[in-house]
Amino acid sequence: MTMHNEDVAAAFEEMADLLAIRGENSFRIRAYRRAAQVVRGLARQLADLGGTEAFDELPGIGTDLAAKIAELLETGHARALEKLRKQVPAGLRELLALPGLGPVRVRALYSGLNVEGIEDLRGALADGRLAELRGFGPKIRSQLLAATAAASSGPRRVAFSVATQYARPLKAYLERVAGVTRVEIAGSYRRGRDTVGDIDVVVCAAEGAAPIQALERYDDLQSLNAAGTTKASGVLRNGLPLDIRVLPKESFGAALHYLTGSRDHVVQVRRLAQKKGLKLSEYGLFRGAKRLAGATEEGVYAALGLQWIPPELRENLGEIAAAQRRALPMLIERADLQGDLHAHTSASDGNDSLKKMAAAAQTRGLRYLAVTDHSKYLGITRGLDAARLARQMDEIDKLNATLSDLTLLKGAEVDILEDGSLAMADAVLKRLDLVVIAVHSQFGLSEAKQTRRILRALERPYVSILAHPFGRLLGGRPGYPLDFERVLAAARDRPCYLEINSQPTRLDLDDAYAKRARDGGALLSIASDAHSADQLDYLDDGVRQARRGWVTKDDVLNARPLHELRALLRDTLR
DNA sequence: GCCGTTTTCGGCCCGACTGTTTTCAGTCG
């Protein structure tokens with residue numbers, strides 16, 4: 001079996017859990033968790049990195065963990081993990097995941113009552129045995145009762161676009177509370193992650209009680225689990241957890257920084273402060289009792305000798321070192337996009353006419369819009385054959401003649417068939433301004449077959465952009481396995497450009513692959529894949545992922561003005 | 001287990017809230 005980075009990360013996380021349950025040194029446990037995080041964030045596969053020496057170079061990974069990575073890659077197992085699994089019942093891990101249960105209580109449950117999993121815990125709660133266990137009073141018992149009941153439904157992350165629907169009204173509601181001067185949604189939402197696990201809110205107010213009382217009356221709140229004077233946590237009606245902090249304005253920037261995270265980023269910045277003899281908390285940056293900064297994030301970063309780091313980069317993946325060198329990338333912005341290179345009309349499976357799509361592009365300030373309706377192929381409703389595509393091209397010519405500030409480009413989204421050939425004849429594709437190719441079937445092929453299929457498609461003469469390269473659907477299906485390094489190299493050298501599809505449930509390439517593509521020298525197309533006029537706004541979502549991938553204006557095909565774009569597209573049609 | 005322009009040993013981010021205690025441990029973010 002091939003061990004991927006995710007498998008190695010999962011092994012380290014499991015080891016961390018098992019060590020925690022055994023009551024081992026917490027810093028040792030933290031080292032395993034950090035290693036899992038580092039491995040998960042790697043741009044390249046560990047297997048391609050070399051050997052033990054190369055692993056040892058990774059941050060947070062020393063001799064011991066480097067050897068364990070090598071062992072996992074070579075054998076698919078880690079003896080240390082196997083040993084731990086024999087010592088700790090498997091069910092204890094699921095207990096550790098329950099809210100309210102940490103390593104100490106899990107150990108108490110196991111040693112005191114032989115509870116080895118959620119089922120046992122339910123039993124111990126039901127027959128009253130748990131009440132006799134020291135440290136498990138009535139409050140904790142009822143909390144655990146709720147937790148065991150909720151465990152079956154399970155915690156889940158929601159798409160960013162779903163979180164927005166809850167975060168925006170909540171922000172607006174809190175902004176109306178008396179004494180509140182500012183409200184920001186922080187956390188992974190502010191960092192622009194594709195999925196969001198909870199809503200973190202930072203409220204600026206002189207006194208904390210009023211906003212938290214107001215929250216208790218909020219319509220969309222399901223329950224409040226904990227509520228103090230500056231901090232509360234609860235659950236929204238859709239099941240999304242909520243955390244709120246209220247701080248005065250002299251601390252607001254420090255609090256925003258702290259709650260925006262990521263946790264690893266914040267810890268690293270705090271360590272940096274510590275090295276300088278300072279202390280950073282959500283209340284500010286302090287030397288002794290003296291507050292050096294805290295009102296703004298910019299002030300906190302500046303006082304530590306750092307550039308302000310855009311939230312999308314705060315993943316402890318090198319952004320802190322770059323900020324020290326004042327070498328952060330100038331991230332792409334929505335306003336940099338001159339056009340959109342993937343959109344559908346009612347000619348295939350879109351909702352709106354060519355004319356309406358053009359008007360929507362104009363109102364959004366786009367200078368060009370590529371019309372890329374589907375080719376005729378099984379599974380795609382109303383795909384265009386050569387004759388209908390020819391009629392659409394005439395229609396585009398006529399419309400272009402009436403448009404002054406927008407140019408419609410003639411394109412198609414053509415299926416990559418299982419053998420790597422395309423679902424439309426070269427003679428037809430040749431007449432287009434650009435050809436978007438994509439996989440819409442046979443997601444279950446092996447990595448070798450899927451890779452070969454796409455590499456063959458990239459050898460075709462008329463191929464401009466590879467759309468949604470992994471075919472993933474958030475909450476639907478994971479991306480198919482692909483040797484991305486080979487696809488990237490082939491696309492770059494051809495050239496064919498790689499798409500960051502902006503559909504909120506796709507976001508494909510994702511942030512990490514966008515970074516790899518950029519580092520590998522590929523040009524990217526940030527495309528809406530709009531199936532209606534409104535969906536042109538999805539470009540915001542694509543830009544957010546691109547920013548998380550350290551993507552700059554120079555890395556983006558559709559940040560180029562039309563004449564440059566045309567020249568680049570001509571290179572793809574030969 | 002990692003790491004080092006204060007250290008190769010002795011540190012390792014910082015604080016809020018809760019519950020069950022009698023001064024604090026555990027959990028969480």
Side-chain angles (χ1 to χ4, degrees), chain A residues 12 15-16 19-21 23-38 55-69 78 80 95-109 130-131 133-144 147 155 186-188 197-202 208 212 224-234 241-247 251 254-286 294 300 304-305 316 320 324:
Chain A
F12 283 166
M15 292 184 74
L19 289 167
I21 292 166
E24 302 280 344
N25 179 298
S26 62
F27 298 107
R28 189 175 164 221
I29 293 158
R30 188 187 297 173
Y32 277 95
R33 294 204 194 283
R34 167 115 203 272
Q37 190 85 19
V38 166
F55 306 149
D56 199 356
E57 295 296 304
L58 296 170
I61 291 175
T63 320
D64 187 281
L65 289 174
K68 288 194 172 72
I69 293 174
L95 289 180
L96 194 62
L98 293 181
L101 283 188
V104 176
R105 288 188 187 131
V106 167
R107 215 162 42 247
L109 286 169
L130 196 61
L133 199 58
R134 185 180 166 77
F136 289 82
K139 290 286 181 63
I140 287 180
R141 291 203 304 277
S142 75
Q143 189 187 349
L144 289 179
S188 53
D198 65 357
I199 303 284
D200 294 296
V201 191
V202 195
I212 287 173
L224 213 55
N225 311 325
T229 54
T230 74
K231 171 175 171 169
S233 61
L242 168 77
D243 282 297
I244 180 171
R245 286 297 294 265
V246 186
L247 292 105
S251 295
L256 185 58
H257 174 257
Y258 161 64
L259 275 142
T260 296
S262 65
R263 180 187 299 240
D264 283 356
H265 172 91
V266 170
V267 167
Q268 279 305 112
V269 174
R270 285 183 174 182
R271 283 200 187 126
L272 186 65
Q274 197 184 35
K275 277 185 198 156
K276 292 174 185 286
L278 310 174
K279 185 183 69 168
L280 178 62
S281 74
E282 59 265 49
Y283 293 99
L285 181 68
F286 296 89
V300 172
L304 290 167
N316 192 27
I320 295 170
Q324 276 178 312

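Note: hydrogens, waters and symmetry copies are ignored here, and every other heavy atom, side chains too, is used.
- For A:Leu58 and B:dG1, the CG to C1' distance is 15 Å, given to the nearest whole Å.
- Glycosidic conformation, B:dT5: anti, with the torsion outside 90° of 0.
- Contact check, A:Lys231 against B:dC28: no side-chain N or O comes under 4.0 Å of OP1 or OP2.
- Taking the side-chain contact (heavy atoms from CB on, under 4.5 Å) definition, one finds that A:Ala80 meets it with A:Met15, A:Lys68, sequence neighbours left out.
- Counting non-hydrogen atoms under 4.0 angstrom, A:Ser233 reaches nothing in the nucleic acid.
- Positionally, the nearest nucleotide of DNA chain B for A:Gly60 lies more toward the 5' end than for the other of A:Gly60 and A:Leu278.
- Note: CD1 (A:Ile29) to P (B:dC2) measures 14 Å, nearest angstrom.
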- Note on the structure: Given protein heavy atoms under 4.0 Å, the one-letter contact record of nucleotides 20-27 of chain B, with B base, S sugar-phosphate only and - none, is simply S-----SS
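- The separation of B:dC3 from B:dT8, taken at their C1' atoms, amounts to 9 Å, rounded to a whole angstrom.
- Separating the CD1 atom in A:Ile244 from the CD1 atom in A:Ile199 is a distance of 11.5 Å, to the nearest 0.5 Å.
- In this structure, A:Ile61 places its CD1 atom 10 Å from C1' of B:dC2, rounding to the nearest Å.
- Residues forming a side-chain contact (heavy atoms from CB on, under 4.5 Å) with A:Val38 (at least two apart in sequence, or on another chain): A:Arg34, A:Leu58, A:Pro59, A:Ile61.
- The base of B:dG29 sits within donor-acceptor range of the side chain of A:Tyr258, with an N or O pair under 3.5 Å.
- With sequence neighbours excluded, the residues that form a salt bridge (Lys or Arg N to Asp or Glu O under 4.0 Å) with A:Arg28 are A:Glu24.
- A:Leu280 comes within 4.0 angstrom of sugar-phosphate atoms only, judged by non-hydrogen atoms across all strands, and of no base.
- Atom CG of A:Leu272 is separated from atom P of B:dG4 by 13 Å (rounded to the nearest Å).
- Of the C1' atoms belonging to B:dG1 and B:dT5, the separation is 24 Å, rounded to the nearest Å.
- Positionally, the nearest nucleotide of DNA chain B for A:Ser281 lies more toward the 5' end than for the other of A:Arg263 and A:Ser281.
- For B:dC2, neither phosphate oxygen OP1 nor OP2 lies less than 4.0 angstrom from any side-chain nitrogen or oxygen of A:Tyr32.
- Taking the C1' atom of each, B:dT7 and B:dC2 are spaced 14 Å apart, rounded to whole Å.
- For A:Thr230 and B:dC17, the shortest distance from a side-chain N or O to OP1 or OP2 is below 4.0 Å.
- Taking OG1 from A:Thr229 and CD1 from A:Ile212, the interatomic distance works out to 7.0 Å, rounded to the nearest 0.5 Å.
- Nucleic acid contact class of A:Ala232 (heavy atoms, under 4.0 Å, all strands): none.
- With rounding to whole Å, A:Leu285 atom CG is found 11 Å from B:dC14 atom P.
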N/O to N/O distances under 3.5 Å, protein versus nucleotides 6-12 of chain B:
none

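- Comparing the P positions of B:dC13 and B:dT18 gives a spacing of 25 Å, expressed to the nearest Å.
- For the side-chain contact (heavy atoms from CB on, under 4.5 Å) test, residues two or more places apart in sequence or in another chain that qualify with A:Ser251 are A:Leu247, A:Pro248, A:Tyr283, A:Arg291.
- For A:Arg33, the salt bridge (Lys or Arg N to Asp or Glu O under 4.0 Å) partners at least two apart in sequence or on another chain are A:Asp17.
- Atom name P, nucleotides B:dT21 and B:dT27: the rounded distance is 15 Å, in whole Å.
- Pairing for B:dT18 goes to B:dA25, judged as Watson-Crick or G-U wobble with the two contacts each under 3.5 Å.
- Regarding contacts with the backbone of B:dG1, a side-chain N or O of A:Arg28 is found under 4.0 angstrom from either OP1 or OP2.
- For A:Pro103, the side-chain contact (heavy atoms from CB on, under 4.5 Å) partners two or more places apart in sequence, or in a different chain, are A:Ala20, A:Leu96, A:Arg107.
- A:Ile69 contributes atom CD1, which lies 4.5 Å from atom CZ of A:Phe12 (distance to the nearest 0.5 angstrom).
- Atom CZ in A:Phe286 sits roughly 18 Å away from atom P in B:dC13 (whole-Å rounding).
- Taking atom C1' in both B:dT23 and B:dG29, one finds a spacing of 25 Å when rounded to whole Å.
- Rounded to whole Å, the distance from CG on A:Asp198 to C1' on B:dC28 is 11 Å.
- Between A:Leu259 atom CG and B:dC13 atom P there is a gap of 18 Å when expressed in whole angstrom units.
- Shown here for A:Leu285 and A:Val300, the closest heavy-atom pair between the two residues is CD2-O, 4.3 Å.
- Here, B:dC9 and B:dG15 have their C1' atoms 28 Å apart, quoted to the whole Å.
- Residue A:Tyr258 comes nearest to A:Arg270 through the heavy atom pair CD1-NH2, 3.3 Å, listed as atom of the first residue, atom of the second, then distance.
- Using a 4.0 Å heavy-atom distance criterion, A:Ser26 is classed as making no nucleic acid contact.
- By the side chain to side chain donor-acceptor pair (under 3.5 Å) test, A:Thr260 pairs with A:Arg190, sequence neighbours left out.
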